[in-house]
Amino acid sequence: SLIVVLAVVSLSLSMLQAPFGIFYQERFQLAEKTAAQHIGYVLAVVGAVSVIVQGFLIGRIAKLIGEKAAIVYGAVISAAAFMLIAAANSLVLIAVFAGIHAFGLAIITPGTLALISKRVKEEEQGAIMGITHGAASSARVVGPLLGGYMFDAAGIAWPLYTRPAIMVAAAIIALTKTNHLTNRSEP
């Protein structure tokens, strides 16, 4: 179940790799170069938040709420922030909401990997991590194809609007299929 959560998160994120820049450019009627610069600023915010959370905060967050809760809260925070990104009307708002979105994403993966590794024997950890990353990588192959299809078939914004629903699905999977897991981090 946790492997599926990580794959679903990877799928939803990779759906946006190509359409987000085009969506942004059209939404604000910007020249390509200007849109690229703006997207670069947004991605810099995402990267900075990810570094801060995964480099300095994730241990404290896991101790405070537990890995399972971090997965669920991360997915919900990410979904809510992305709905706000899709509706934002300025670069500043997109950057702020992208930072919140990055916070959600930055607590999902470490929590998921920690719970997976805690649930298998030490000698099985390498194999299960390989399977986990393989599932996430497979989702990153399917995601751009799905996002591109939605972009072509339903319109430029559809990959952006479906991402929150997919993140909520990840939260539901984490909540319902991991009942046997504790919510608090084990010492």
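We count residues from 1, following the sequence as given.
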Atom [atom1] in [X], atom [atom2] in [Y]: separation rounded to 0.5 Å?
{"X": "S117", "Y": "Q125", "atom1": "OG", "atom2": "CD", "result": "5.0 Å"}
{"X": "S138", "Y": "I131", "atom1": "OG", "atom2": "CD1", "result": "11.5 Å"}
{"X": "Y24", "Y": "I85", "atom1": "OH", "atom2": "CD1", "result": "11.5 Å"}
{"X": "I116", "Y": "E124", "atom1": "CD1", "atom2": "CD", "result": "13.0 Å"}
{"X": "E32", "Y": "I39", "atom1": "CD", "atom2": "CD1", "result": "12.5 Å"}
{"X": "I94", "Y": "L84", "atom1": "CD1", "atom2": "CG", "result": "11.0 Å"}

Non-hydrogen atoms of [X] and [Y] that approach each other most closely:
{"X": "P159", "Y": "G147", "answer": "CG-O, 3.3 Å"}
{"X": "A170", "Y": "V5", "answer": "O-CG2, 3.8 Å"}
{"X": "G99", "Y": "V49", "answer": "O-CG1, 3.4 Å"}
{"X": "A69", "Y": "I65", "answer": "CB-O, 3.2 Å"}
{"X": "S50", "Y": "A106", "answer": "CA-CB, 4.2 Å"}
{"X": "S1", "Y": "I173", "answer": "O-CG2, 3.9 Å"}

Going by heavy atoms in the side chains, are [X] and [Y] under 4.5 Å from each other?
{"X": "F151", "Y": "I22", "result": "yes"}
{"X": "H38", "Y": "V42", "result": "no"}
{"X": "L105", "Y": "I108", "result": "yes"}

Do [X] and [Y] sit in the same hydrophobic cluster, where Ile, Leu, Val, Met, Phe, Trp and Tyr count as joined when their side-chain heavy atoms come under 4.5 Å apart?
{"X": "Y41", "Y": "L16", "result": "yes"}
{"X": "V76", "Y": "V46", "result": "no"}
{"X": "Y161", "Y": "M83", "result": "no"}
{"X": "L13", "Y": "Y149", "result": "no"}
{"X": "V9", "Y": "I172", "result": "no"}

Can any side-chain N or O of [X] pair as donor or acceptor with the backbone N or O of [Y] at less than 3.5 Å?
{"X": "Q29", "Y": "E26", "value": "yes"}
{"X": "R27", "Y": "A88", "value": "yes"}
{"X": "R140", "Y": "S10", "value": "no"}

Classify the angle between the aromatic ring planes of F20 and F82 as parallel (below 30°), tilted (30 to 60°) or perpendicular (above 60°).
tilted
Assess the residue pair L113 and L6 against the criterion (side chain to side chain contact (heavy atoms under 4.5 Å, CB included)); give the C-alpha distance rounded to whole Å, side-chain angles, the decisive distance to 0.1 Å, and a yes or no.
CA-CA 9 Å; L113 294 175; L6 197 57; 3.9 Å; yes
Run the side chain to side chain contact (heavy atoms under 4.5 Å, CB included) test on M15 and L160 for me, step by step, so that the C-alpha distance in whole Å, both residues' side-chain angles and the decisive distance to 0.1 Å come before the verdict.
CA-CA 8 Å; M15 285 173 42; L160 279 80; over 6 Å; no
Is there a side chain to side chain contact (heavy atoms under 4.5 Å, CB included) between E67 and T112? Walk through the geometry before answering.
CA-CA 7 Å; E67 287 98 349; T112 305; over 6 Å; no
CZ/F28: more than 12 non-hydrogen atoms of other groups inside 6.0 Å
yes
Can you tell me if CD on E123 sees more than 12 non-hydrogen neighbours from other groups inside 6.0 Å?
yes
Using the rule given for side chain to side chain contact (heavy atoms under 4.5 Å, CB included), can you reason through H101 versus M167, listing the C-alpha separation, both sets of side-chain angles and the distance that settles it, and then say yes or no?
CA-CA 11 Å; H101 168 69; M167 293 303 292; 5.8 Å; no
